[in-house]
Amino acid sequence: MRPPQPSQDTSPLVRPYTVTGGRTRPVQPGLDMISTVVATRTPRDLPGLQPEQVAIINLCQRAISVAEVAAHLDLPLSVVKVLIGDLVAEGAILARAPVPVADLPEMNVLQAVLDGIRRI
């Protein structure tokens with residue numbers, strides 16, 4: 001019995017490399033998988049985009065996390081981070097880091113604000 005031959009189709013490995021131009025790190029520092037991104041422009045405003053970049057901008061018409069973009073496009077997170085970083089650098093997308101837990105207001109402060117609004 002012959003051992004199975006490796007597949008000749010290398011596209012899943014080669015494609016992400018070509019999409020990012022061989023880069024593995026985004027130009028935008030601090031881009032995290034739970035960062036929120038939203039488009040500021042449409043694909044029509046930016047000629048010469050790759051199909052993946054057009055898809056990212058279309059997905060980002062409403063705020064969405066980097067991880068969700070990767071899941072929708074079925075691309076590795078590292079590839080999506082590089083592409084989003086490029087779009088942020090071009091001003092086509094805004095990225096916002098997640099709010100640290102320490103910066104969230106405490107429940108008693110929120111309750112006091114709500115009580116004050118109810119008194120008005």
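All residue numbers refer to positions in the sequence shown, counting from 1.
Rounding to the nearest 0.5 Å gives a distance of 8.0 Å between CG of Leu73 and CD of Glu52. Note: Ile84 CD1 to Cys60 SG = 5.5 Å, rounded to the nearest 0.5 Å. To the nearest 0.5 Å, atom CD of residue Gln61 and atom CZ of residue Arg41 are 12.5 Å apart. The CG atom of Asn108 sits 9.0 Å away from atom CD of Gln111, with the distance rounded to the nearest 0.5 Å.
A donor-acceptor pair is defined here as one N or O able to donate and one able to accept, closer than 3.5 Å; no such pair exists between the side chain of Asp86 and the backbone of Leu83. Using modelled atom types, no side-chain atom of Thr36 and backbone atom of Ile64 make a donor-acceptor pair closer than 3.5 Å.
Nearest heavy atom pair, residue Glu90 against residue Leu49, reads OE1-CD2, 4.3 Å. When all heavy atoms of Ser35 and Ala97 are compared, the closest pair comes out as OG-CA, 4.1 Å. In plain terms, the two heavy atoms of Ala95 and Val88 that are nearest each other are CB-CG2, 4.0 Å.
In this structure, Leu94 is not a member of the same hydrophobic cluster as Ile57, with clusters built from ILVMFWY side-chain heavy atoms closer than 4.5 Å. Residues Val54 and Leu46 fall within the same hydrophobic cluster, defined by Ile, Leu, Val, Met, Phe, Trp and Tyr side chains chained together at heavy-atom separations under 4.5 Å. Following chains of ILVMFWY side-chain contacts shorter than 4.5 Å, one cannot reach Val38 starting from Ile34, and the two form parts of different hydrophobic clusters.
Between Asp32 and Val66, every side-chain heavy-atom pair lies at or beyond the 4.5 Å cut-off. Using a 4.5 Å cut-off on side-chain heavy atoms (C-beta onward), Val37 and Ile56 make no contact.
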